[in-house]
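Below is one structure, written out as structure tokens; comments come after it.
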Amino acid sequence: MRFKYSTTDPSQDEFDSLPRLPLILRLGDQSVEVVGLVDSASTVNVLPYEVGIRLGASWDDHKAIIRLGGTLGGMNAIPLFVTALVGQFAPVRLAFAWVKRNDVPLILGQTNFFMEFEVCFYRSRLEFEVRPRSG
């Protein structure tokens with residue numbers, strides 16, 4: 001499936017466009033429609049606090065064992081596993097570093113979004129392609 005790069009604000013132009021992917025996350029009986037930033041430079045998937053709460057997850061400071069780096073450096077996170085639906089593809093299990101902050105984007109990174117999906121970026125066309133991993 002191909003998707004268009006998009007912006008988050010009407011005042012932005014195509015130079016501010018990024019590969020943002022609409023998907024549905026499920027945990028138990030709860031589901032949430034979200035948009036994630038497809039980020040090949042991110043080591044892990046990152047889930048904002050509010051999204052985890054909307055999925056019915058419970059925060060426990062004693063389980064906050066993941067220490068994030070990069071621009072999220074020093075933040076603690078809890079591992080949270082959810083089912084993700086991308087387009088008409090079969091559901092996949094994604095592992096997120098769930099952070100107790102809402103001012104971070106939902107990030108789809110190397111572990112494990114890029115392990116479940118093949119992604120091709122066509123920046124000059126402002127498009128990207130996502131397909132399930134082969135084999």
Side-chain angles (χ1 to χ4, degrees):
M1 294 181 72
R2 287 227 179 168
F3 299 89
K4 290 284 192 188
Y5 277 49
S6 64
T7 59
T8 57
D9 186 298
S11 68
Q12 296 174 318
D13 60 23
E14 71 180 34
F15 296 106
D16 299 310
S17 295
L18 293 171
R20 292 183 177 89
L21 179 69
L23 64 158
I24 297 172
L25 300 180
R26 288 192 180 148
L27 182 63
D29 295 339
Q30 301 295 322
S31 64
V32 177
E33 291 184 32
V34 295
V35 175
L37 175 64
V38 181
D39 185 357
S40 62
S42 180
T43 306
V44 297
N45 299 327
V46 177
L47 189 71
Y49 184 70
E50 176 191 349
V51 177
I53 293 299
R54 289 173 49 205
L55 286 168
S58 298
W59 183 269
D60 181 349
D61 283 322
H62 298 295
K63 292 182 180 179
I65 57 171
I66 301 170
R67 201 116 167 106
L68 300 178
T71 59
L72 303 177
M75 242 186 256
N76 288 334
I78 292 175
L80 185 63
F81 296 88
V82 302
T83 300
L85 300 165
V86 175
Q88 299 301 314
F89 300 140
V92 296
R93 189 170 187 230
L94 294 182
F96 282 92
W98 181 32
V99 296
K100 199 171 187 179
R101 301 228 348 227
N102 290 320
D103 61 344
V104 298
L106 191 150
I107 298 173
L108 301 168
Q110 294 294 327
T111 304
N112 69 324
F113 182 79
F114 281 84
M115 298 165 128
E116 295 293 335
F117 293 97
E118 302 289 340
V119 180
C120 293
F121 298 97
Y122 306 102
R123 177 67 173 140
S124 63
R125 290 185 259 171
L126 297 174
E127 295 178 340
F128 65 103
E129 184 177 354
V130 175
R131 64 179 185 264
R133 71 177 176 183
S134 49

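The first residue of the sequence shown is numbered 1, and numbering continues consecutively from there.
- Residues V46 and L80 fall into different hydrophobic clusters, defined by Ile, Leu, Val, Met, Phe, Trp and Tyr side chains chained together at heavy-atom separations under 4.5 Å.
- Screening L47, I66, N76, L68 against V99 for a side chain to side chain contact (heavy atoms under 4.5 Å, CB included) leaves a single residue, L68.
- In the displayed structure, R123 atom CZ is contacted under 6.0 Å by more than 12 heavy atoms of other residues, nucleotides or ligands.
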Expected list for residues 49-61: side-chain donor-acceptor pairs under 3.5 angstrom, two or more places apart:
residue, atom, partner, partner atom, Å
W59, NE1, D61, OD1, 2.7
D60, OD1, H62, N, 2.9

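- Considering only heavy atoms from C-beta on, L85 comes within 4.5 Å of R26 through its side chain.
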**OP:** Begin from the C-alpha positions of L25 and L106 and carry the test side-chain contact (heavy atoms from CB on, under 4.5 Å) through to its verdict.
**Re:** CA-CA 11 Å; L25 300 180; L106 191 150; 4.0 Å; yes
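- Considering all non-hydrogen atoms of both residues, P19 and F121 come closest at CG-CE2, 3.7 Å.
- Judged purely by distance below 3.5 Å, without hydrogens or angles, the side chains of D9 and S11 pair a donor atom with an acceptor atom.
- When the side chains of ILVMFWY residues are joined at heavy-atom separations under 4.5 Å, either directly or via intervening members, V130 and F114 end up in a single hydrophobic cluster.
- Considering every non-hydrogen atom in both N45 and A95, the closest pair reads ND2-O, 2.9 Å.
- Considering only heavy atoms from C-beta on, S6 stays 4.5 Å or farther from L18 through its side chain.
- If you take CG on L126 and OG on S17, they are separated by 5.5 Å, rounding to the nearest 0.5 Å.
- The backbone N or O of L94 sits nowhere less than 3.5 Å from a side-chain atom of E116 that would complete a donor-acceptor pair.
- Rounding to the nearest 0.5 Å places NZ of K4 at 9.5 Å from CZ of R125.
- Residue F89 comes nearest to M1 through the heavy atom pair CZ-CG, 3.6 Å, listed as atom of the first residue, atom of the second, then distance.
- Taking CD from Q110 and OG from S40, the interatomic distance works out to 6.5 Å, rounded to the nearest 0.5 Å.
- Contact detail for V104 and M75: the closest heavy-atom pair is CG1-CE, 3.9 Å.
- A side-chain donor-acceptor contact under 3.5 Å links E129 and Y122.
- The SG atom of C120 sits 11.5 Å away from the CZ atom of F128 when rounded to the nearest 0.5 Å.
- When the side chains of ILVMFWY residues are joined at heavy-atom separations under 4.5 Å, either directly or via intervening members, V119 and V34 end up in a single hydrophobic cluster.
- With respect to the salt-bridge test (charged N to carboxylate O, under 4.0 angstrom), the residues R2 and E127 qualify.
- Here the side chains of E14 and T7 are not in contact, with every heavy-atom distance at 4.5 Å or above.
- Each of D39, L21, V44, L23 was evaluated against F113; a single residue qualifies, L21, per the side chain to side chain contact (heavy atoms under 4.5 Å, CB included) test.
- Transitive grouping of hydrophobic side chains (ILVMFWY, heavy atoms separated by less than 4.5 Å) keeps V92 and F81 in distinct clusters.
- Between F96 and P79, every side-chain heavy-atom pair lies at or beyond the 4.5 Å cut-off.
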Original post:
Please walk me through it: do F117 and L108 pass side-chain contact (heavy atoms from CB on, under 4.5 Å)?
Top reply: CA-CA 10 Å; F117 293 97; L108 301 168; over 6 Å; no
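- In this structure, the side chains of P48 and R101 stay at 4.5 Å or more apart for every pair of heavy atoms.
- With a 4.5 Å cut-off on side-chain heavy atoms, V38 and F3 do not count as touching.
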